[in-house]
Amino acid sequence: MLPKLPRESLIELCRKMFLIRYFEEALIGLHNEERFKGHYHVYIGQEATGVPAISCLGVGDYLFTTHRNHGHLLARGADPRRLLAEILGRRDGYNKGKGGSFHTNVTSLGFPQTSGVVGGIIPLATGAAYAVRAQKTDRISVCLFGDGALEEGAAAESFNMASLWKLPVLYLCENNGKYGQGKAAGTARSSTMAVYPLTDLPAGYKIPAQQVDGTNAGAVHGVVSEAVKKIRQGGGPQFIEAQTVRWPGGVTNWPVVPIATDAAIAWDVTSVPEAEREWYRDSDPVLIFIRELVEKKQVSREEISEIQQGILGVVSQAVEFAFDSPYPNSETALEDVFA
Amino acid sequence: MLPKLPRESLIELCRKMFLIRYFEEALIGLHNEERFKGHYHVYIGQEATGVPAISCLGVGDYLFTTHRNHGHLLARGADPRRLLAEILGRRDGYNKGKGGSFHTNVTSLGFPQTSGVVGGIIPLATGAAYAVRAQKTDRISVCLFGDGALEEGAAAESFNMASLWKLPVLYLCENNGKYGQGKAAGTARSSTMAVYPLTDLPAGYKIPAQQVDGTNAGAVHGVVSEAVKKIRQGGGPQFIEAQTVRWPGGVTNWPVVPIATDAAIAWDVTSVPEAEREWYRDSDPVLIFIRELVEKKQVSREEISEIQQGILGVVSQAVEFAFDSPYPNSETALEDVFA
Amino acid sequence: MRELVYYEAKLEGLREILAADERVHLFAESFLGLSEHRGLFREIVKDYPDRVIAPPISEIGFCGLAIGAAMAGLRPIVDLSTASFTFEAWPQIVNEAANALYMSGGQTRAPVVFHMLHGLRGGGAAQHSHSPQAMLWNCPGLEIVLPSSPRDVRGLLKTAVNSNNPTIFIDHTLLFELRGPVPEADEAIPFGQADVKRAGGDVTVIATSYMVQRCLTVADRLANEGIQVEVVDPRTLVPLDFQTLMASVEKTRRVVIVDECHQSCGVAAELAARIGEAGFDKLQAPIRRVTTLDVPVPYSAPLEEFISPSESRVADAVRAVLS
Amino acid sequence: MRELVYYEAKLEGLREILAADERVHLFAESFLGLSEHRGLFREIVKDYPDRVIAPPISEIGFCGLAIGAAMAGLRPIVDLSTASFTFEAWPQIVNEAANALYMSGGQTRAPVVFHMLHGLRGGGAAQHSHSPQAMLWNCPGLEIVLPSSPRDVRGLLKTAVNSNNPTIFIDHTLLFELRGPVPEADEAIPFGQADVKRAGGDVTVIATSYMVQRCLTVADRLANEGIQVEVVDPRTLVPLDFQTLMASVEKTRRVVIVDECHQSCGVAAELAARIGEAGFDKLQAPIRRVTTLDVPVPYSAPLEEFISPSESRVADAVRAVLS
Ligand SMILES: Cc1ncc(C[n+]2csc(CCOP(=O)(O)OP(=O)(O)O)c2C)c(N)n1
Ligand SMILES: Cc1ncc(C[n+]2csc(CCOP(=O)(O)OP(=O)(O)O)c2C)c(N)n1
Ligand SMILES: [Mg+2]
Ligand SMILES: [Mg+2]
């Protein structure tokens, strides 16, 4: 399903999804070529959640994200050059090299803190909601986190306060397949979470909660824009669980790219290694989206190709920029401890 | 409603309830006469929860309790002399004076740890349940805590594991009236807990959960003995919320006794100061219990009087014993850091 | 100068702060622990119903919430009541607030104040008697304030709220009834300025929080023995006014450090290590630490007294460095 | 003696422990962090399906659960993975486990082992690089173990599991590939026995965990300059073998302490304070501390190197105490 948006906006969403995909495929390549070290997490497979969801937000809204933040930042308009520079620990990184992949944040885009502590941002995002309400604005706060974060007690504590105090916060839980994988949504038990469907947890705290297919950009756009509207009108917190199927390239701690994503795969998966073929055919949100764009005659396959090429160019520029950026001076390590 | 138990057992419950009541009335008196210092919490008003509930347990079962522990210890058979000695910080206290009111525990009665940290025992009790299951015994673990503890994330985390791993643990939440006070059980909102009824929280984690009137000894005995049976049979965790109305003498941080409890009040409350009369008439679990005992012809009012006198004697002996017990030697402060 | 009782000065400061800056929100049920005066807080709640909120018993949640609110422009003050409960919020304080500015490369400020009551309070026992300042000092990114007088508590609270950094404000119940001079004028006492609470030429006693008052008492007593004790109160550990401490050390060449943390890796350890290094050529005697002994805090009064940095232990240490 | 790689020795010890005592249960997903060898843990899971359980991401919950299980007769080992996550379980570790024996007046034992990977690991950044040993040392009631060699990790793990106290077992990823002698025989290395990892007469370098290996490298280099460094590894902070440390200090009269905690109130502060007091008359130079600088840990490699207790900083400190 396509979001109910004008063609230009749909193309913009398409560009963002490609940007995330190619940015991260490139990133994995660089890591596996040992051009940088360190642990990182990729957003591949969740593009149709973050991109349409974040497109529903206003300029002044706050976003808090986690270890799996690259997609959220790019969806919000972050410069891939500065994001990559940060991941490489370079001077031109958004955080001057101090944050790295786990912590990249961009306050000018509304990201106050990106935390690598599972569950760490849930109270923080709830607090930003408290602030914007106290300031009598109509801004909202959005908390983007994984299904695992619900296992942390901090989630439950935050839901309680958000509900008691009717705070303007959207909890967007991205359930990337650890739970309920391959089963009908919300029916399967997880080995680490007894609450199922997951929405039962916020619902217990009287927070309206719903599930959505996170590979379906139109469905995501629909529920998120609706939720954002309610929150902005003073309706208090909302919870959305977006379900995606984990990308097979990212199931271990050290991702590998089974095949570089190409629009052509949307119509013919035979080039994909057999083990991963099912995912690219049924669950790849980028391919699903462009297939629909073409089916619904919003764009032609040629246009898709052009977009793809354009984004590949943007990504290679980002790689060049980031590697050209020098490491920060050692003494800068002593700065920014106190304001 | 009376517990379905032989007359002797009912009398034993009656004795335990009186013991708790008189022990704590004495304690409050001693404090207000400045015969000891320090903060403490009383169980008055909750006697018909702890006494019948604990009577359902076996010798080998574990019990974990909180800052509000005196009633649980006495219900389980703790010696009031040694309990009081502990509260006074004396050598003959159960914890050699190192624990005090907040931490009195008696391992020989199955109390491994009494924690003054709200929510602190919920993981601990869940862990003892893990252990007895691993040891292939049919023991169970019982966790006795207040409604406020559900606000701590540690509660949610523990419920999750207890449910996932089907652990033999009984969560007995004593809701002493902060929530839903004076309103129909479970319908009122609290200013600090969005989940209502409280049983919705464990239920979200798929833990069978029910409410019971905590001033009704028979009802408590019924649901607890049923729950204990299910747990012992391998049915996994159970949650019970017992609702009581907070004793007016204990609403502030420093309790005062409006009137010394006397069995006669069960039949005539005119001697009670007006402000507290309603509580003694409608909500005092000890008076409700003895009224029923007499109504159901289990005991006569004379027998009640005798029991009462006997317990008053026990309590004054405890006071004497505890004050006679010397303070521990200073150097013992350096012992018991490591086993 | 007029005199106020400590709790009055504290509440006055709080009122002035609330009146001056509407970004200040309080997450608190009282601010005065179990003290008899806690009822006074209710008046503040009445005057600022929209800016004082009593949170659930959810420390990690409400501390994190306050940090997030600070990031979004408020100036929250969070009351954790007993300092031991700070542990419940540890991940938010030490791993979110403390790191926010740094890991964002200077982008994100978290100007939140965490208020708590530390130390041996008489019967607090093992779980309610902590002094977490040493653990927190091991965590860069937090400012740490320890007032010890009516004037200081009011003046430092103002600076704490105006600071752009997360600030730990550690108070002590046993100070509440202390009377002392407090200026009428609005006074913010800057961080990083140690205060020589009593001048003396024989021994430098560095003390924090309630221990300052205890050491002043001991100093009076020792004066009768002819020993002139200089009592120096750092007032803030982060930032630390090491210069003022060293100036005193260079004068007396003998040092006793008194604080209520447990001994190992406590505040006294850090001060002793720094002074030991910087003052190596000056010191005439080994630096003595008087701290809470390294055992959990016992309930029973004589046991608690035995492990505490008591007057007699302080006096003995002073005599020892002079012998 | 045969040689093993560190991670092999560690897993061998774990296997021996599981085989010897059925009270041992593991709450863990790997035990080897992100290392390439983490797959090996799966074999252990296969062999002990009922005694290894992967908990939810609920640190306060599963640490508390393990403590409760220990109180009820098991000997749980909990893997917290990165030491920074220990903060999530702080209240259970420092306010329940540490106090259990004491506040029960000797009744309740909590023989649980908390295992974690501390320190600068390369790109861990501010939130994943903590060394919580100093904070934990400030909390009486916990034993603290820091292995630094294949032999030590196996032998100390055994003692940790057999201990009747809550024990913090702090390991370091950067040790995993180290090769060294490990006896075939079952060996439990007692707590409270420092190990002179290298003898030398000029300077005592006290180091812990991975820093021991770093200091051995520096010692080799300095030997070429004619400086004989003695490297002493306390192995356990609680209990601390202060005697062995002081024996070395009395021999060399010059001390450098190297550890990865942040400087203020770190492990080095405590050791410096104790040695400064006990060795006042012996020391020929001020004690130098080489620690992680007092800033949150930056991500970028050259920044991380700059704030770390690096080889060059250790070497400089050794030269400084000799000059
Ligand atoms: C408090 C804490 N515990 C453990 C970890 C280690 N960790 C990093 S990512 C992760 C899984 C998180 O799962 P989820 O929230 O579903 O996010 P996903 O990675 O699936 O997007 C874990 C356990 C952590 N970062 N923080
Ligand atoms: C972690 C923590 N936070 C706060 C407190 C202070 N405190 C002591 S008792 C209490 C209220 C507890 O309410 P509830 O659990 O309902 O127990 P009740 O006293 O009503 O029996 C609070 C907040 C504490 N002891 N521990
Ligand atoms: Mg996930
Ligand atoms: Mg209650």
Side-chain angles (χ1 to χ4, degrees), chain C residues 59-60 84-85 87-91 93-96 98-99 101-103 125-127 130 132-141 237-238 240 257 261-281 283 285-289 293-299, chain D residues 59-60 84-85 87-88 90-91 93-96 98-99 101-103 125-127 130-141 237-238 240 257 261-281 283 285-289 293-299:
Chain C
E59 288 83 1
I60 192 170
S84 304
F85 307 152
F87 298 151
E88 310 286 322
W90 211 245
I93 297 172
V94 309
N95 218 358
E96 302 292 346
N99 292 331
L101 184 74
Y102 193 84
M103 71 185 188
Q127 291 190 321
H130 289 92
Q133 48 268 42
M135 290 184 184
L136 292 164
W137 196 1
N138 190 238
C139 177
L237 298 176
V238 184
L240 180 71
I257 307 171
C261 290
H262 281 115
Q263 174 130 338
S264 290
C265 296
V267 164
E270 178 59 26
L271 294 173
R274 286 199 200 182
I275 296 168
E277 187 172 353
F280 186 75
D281 299 327
L283 290 168
I287 299 167
R288 297 268 172 171
R289 294 183 279 168
L293 299 183
D294 272 347
V295 304
V297 175
Y299 169 77
Chain D
E59 288 83 0
I60 192 170
S84 304
F85 307 152
F87 297 153
E88 311 287 322
W90 212 245
I93 297 172
V94 310
N95 219 358
E96 302 292 347
N99 292 331
L101 184 74
Y102 193 84
M103 70 187 189
Q127 291 189 322
H130 289 92
S131 292
Q133 49 268 40
M135 291 183 182
L136 293 164
W137 196 1
N138 190 238
C139 177
L237 298 176
V238 184
L240 181 70
I257 307 170
C261 291
H262 281 114
Q263 174 129 339
S264 290
C265 296
V267 164
E270 178 59 26
L271 294 174
R274 286 200 201 182
I275 295 168
E277 186 171 355
F280 186 75
D281 299 326
L283 290 168
I287 299 167
R288 298 268 171 170
R289 292 182 282 166
L293 299 183
D294 271 346
V295 303
V297 175
Y299 169 75

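A, B, ... follow the sequence lines: proteins, then strands. Residue 1 opens every chain.
In terms of modelled atom types and a separation under 3.5 Å, the side chain of D:Asn138 and the main chain of C:His262 share a donor-acceptor contact.
Between C:Ser264 and D:Arg274 there is a side-chain heavy-atom pair separated by less than 4.5 Å. In this structure, the side chains of D:His130 and C:Asn95 come closer than 4.5 Å at one or more pairs of heavy atoms. Within the 4.5 Å cutoff, side-chain heavy atoms of C:Cys139 are placed close to those of D:Met135.
Only the backbone of C:Val297 has a heavy atom closer than 4.5 Å to any heavy atom of chain D. Neither the backbone nor the side chain of C:Ala268 comes within contact range of chain D; no heavy atom of the residue lies under 4.5 Å from a heavy atom of that chain. At a 4.5 Å heavy-atom cutoff, the contact between C:Phe280 and chain D is made by side-chain atoms alone. Contact annotation for C:Ala285: only backbone heavy atoms (N, CA, C, O) come within less than 4.5 Å of a heavy atom of chain D. Heavy-atom distances place no part of C:Leu271 under 4.5 Å from chain D, backbone and side chain included. Interface remark: C:Ala134 contributes backbone and side-chain atoms alike to the contact with chain D (heavy atom separation under 4.5 Å). Heavy atoms of C:Glu96 lying under 4.5 Å from chain D belong to its backbone as well as its side chain. If you measure heavy-atom distances from D:Ala125 to chain C, you find no contacts under 4.5 Å at all.
Ring pair D:Trp90/C:Trp90 is parallel by interplanar angle, where below 30° counts as parallel and above 60° as perpendicular.
Between chain C and the residues D:Glu59, D:Gln133, D:Glu88, D:Arg288, the largest count of heavy-atom pairs under 4.5 Å involves D:Glu88. Contact tally against chain D (heavy-atom pairs below 4.5 Å) for C:Gly279, C:Gly276, C:Pro140: the top residue is C:Pro140. Ranking C:Ala278, C:Cys265, C:Ala272 against chain D, the residue ahead of the rest is C:Cys265, based on heavy-atom pairs under 4.5 Å. Per-residue counts of heavy-atom pairs under 4.5 Å with chain C were compared for D:Ile287, D:Leu240, D:Val295; the largest is that of D:Val295. Comparing D:Pro91, D:Cys261, D:Ser131 by how many heavy-atom pairs each has under 4.5 Å with chain C, the most go to D:Pro91.
Remark: C:Leu283 CG to D:Leu283 CG distance equals 11.5 Å, nearest 0.5 Å. Note: D:Ser84 OG to C:Asn99 CG = 9.0 Å, rounded to the nearest 0.5 Å.
Taking C:Arg289 as the reference, D:Glu270 meet the side chain to side chain donor-acceptor pair (under 3.5 Å) condition, with sequence neighbours excluded.
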